[in-house]
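Below is one structure, written out as structure tokens; comments come after it.
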Amino acid sequence: MKYVDEFRDGVLARKLAAAIAVEARPSRRYNLMEFCGGHTHAISRYGLKDLLPANINMIHGPGCPVCVLPIGRIDNAIALAARPGIILCTYADTMRVPASGGLSLLKAKARGADIRMVYSSADAIRIAQERLDREVVFFAIGFETTTPPTAVAILRARELGLANFSVFCNHVLTPAAISNILESKEVRELGTLPLDGFIGPAHVSAVIGSQPYEYFAEEYQRPVVIAGFEPLDVMQAILMLVRQLNDGRAEVENEFTRAVTRDGNGKAKALVAEVFELRRSFEWRGLGEVPYSALKIKAAYAAFDAEVRYEITCRSVPDNKACECGAILRGVKQPSDCKVFGTVCTPESPIGSCMVSSEGACAAHYTYGRWKDAAIAVAAPARLKAAIA
Ligand code: SF4
């Protein structure tokens, strides 16, 4: 496949691995956070860790939109869907995220709620046009990548005069999450999360550009390399970070030049600015309340704001006590540190959100078997060990 196969070439990957091994100094560790779940997925799927020297430490970040959605917001969506006359539309991954009381949107659907999986916000608009007798709510989640299509849906609904359409907005912002991690106790005080540099998001950066990361490089002296989601993109980004750290540089570099510019997509940013404004604070799973880290619908479009229309109040709900998603999303723990990883918690029966989406760290580790050699395999019940033998 053109423009994909070239970035999955095993010979080139081994050449990049050899260059990293030569340039990474044995006297130090390189602690690199891949912010995006897309990168986590690529690292697990293509076994990139196995190609890297032991002193390159890859740390998973919170950049998985489904994973960071707090339980309270899923509860809100389930409560909305339970109201008579409502059709709730959402992306497929959101359906299986565990909510309070052992529920999920999928289970609520099985109990009779009219919840529909859609591929895009345009599908939700179409459903609203077809079912003028019903109220259609689009449960919108995601980072800056999925925000412009939600803005388009609201503008389209206004243009069409669709009074039965609204959006439950849960869009979050990448730079605020990076700031939160860099300001965390684990990074600044305890030193339990050593962070030397970031692999910056691919799709998000295609929208917002590389410019927003310049602040982190300058203020926190951490290099950022924006990278695509293919294995060679990730390997190249690691090499670029190793070079910056060796040189004592902290700059924003762009490996993903085939899609990302410094200024990003002006049209998409204008659409978002037209419809949304910053929330003062928003709860993230794992990170807690993060100031100015999410968007809400502007008052001018309040007619399409489900939070206003249905007077939704959001409450904070703690995660399952056994689940380490919070620590994993902060980069403090690995999936195999969780006692129920691969035993009680699997993609078929997830306990936490990180096991739901393919971009979640737990799902990526489980699906691509990066955990089989880890301590969990020793601790697993005999039948599980037999299954993975
Ligand atoms: S394995 Fe499951 S329970 Fe453990 S941290 Fe991951 S999602 Fe949470």
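Taken from OG1 in Thr40 to CE in Met33, the straight-line distance is 9.0 Å, to the nearest 0.5 Å. The CZ atom of Phe216 sits 12.0 Å away from the CD atom of Glu218 when rounded to the nearest 0.5 Å.
Under the 4.0 Å criterion applied to side-chain N and carboxylate O atoms, Arg285 and Asp319 are assigned as salt-bridge partners. Remark: Asp305 does not engage Lys296 in a salt bridge, criterion side-chain N to carboxylate O under 4.0 Å. Ion pair Glu277/Lys298 not flagged as a salt bridge, since none of the NZ, NE, NH1 or NH2 atoms sits closer than 4.0 Å to an Asp/Glu carboxylate oxygen. Salt bridge Glu186/Arg330: present, at least one basic N to carboxylate O contact under 4.0 Å. Salt-bridge check for Glu253 with Arg249: passed, with a basic side-chain N closer than 4.0 Å to an acidic carboxylate O.
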| Which is it for His41 and His365 under the ring-ring contact (aromatic ring centres under 6.0 Å, His included) test, yes or no, and what are the steps along the way? | CA-CA 8 Å; His41 180 89; His365 278 238; over 10 Å; no
- Start with the C-alpha distance between Arg73 and Asp75, add both sets of side-chain angles, then the distance that settles salt bridge (charged side-chain N to carboxylate O under 4.0 Å, His left out), and finish with yes or no. CA-CA 5 Å; Arg73 289 259 158 185; Asp75 288 350; over 6 Å; no
Exercise. Determine, stepwise, if the pair Met117 / Tyr91 fulfils side chain to side chain contact (heavy atoms under 4.5 Å, CB included).
Key: CA-CA 5 Å; Met117 285 179 269; Tyr91 298 125; over 6 Å; no
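Taking a 6.0 Å sphere around CZ of Arg111, one finds it holds 12 or fewer heavy atoms contributed by other residues, nucleotides or ligands.
In the hydrophobic clustering (ILVMFWY side chains linked at under 4.5 Å, chained through shared members), Val317 is joined by Ile71.
Cation-pi check for Arg258 over Phe7 is met; the charged atom lies under 6.0 angstrom from the ring centroid and within 45 degrees of its normal. Figure legend: Arg28 and Tyr30 shown as a cation-pi pair, the cationic atom lying under 6.0 angstrom from the six-membered ring centre and within 45 degrees of its axis.
Residues passing the side-chain hydrogen bond (donor to acceptor under 3.5 Å, both in side chains) test with Gln236: none are found, sequence neighbours excluded. For Lys107, there are no salt bridge (charged side-chain N to carboxylate O under 4.0 Å, His left out) partners, not counting sequence neighbours.
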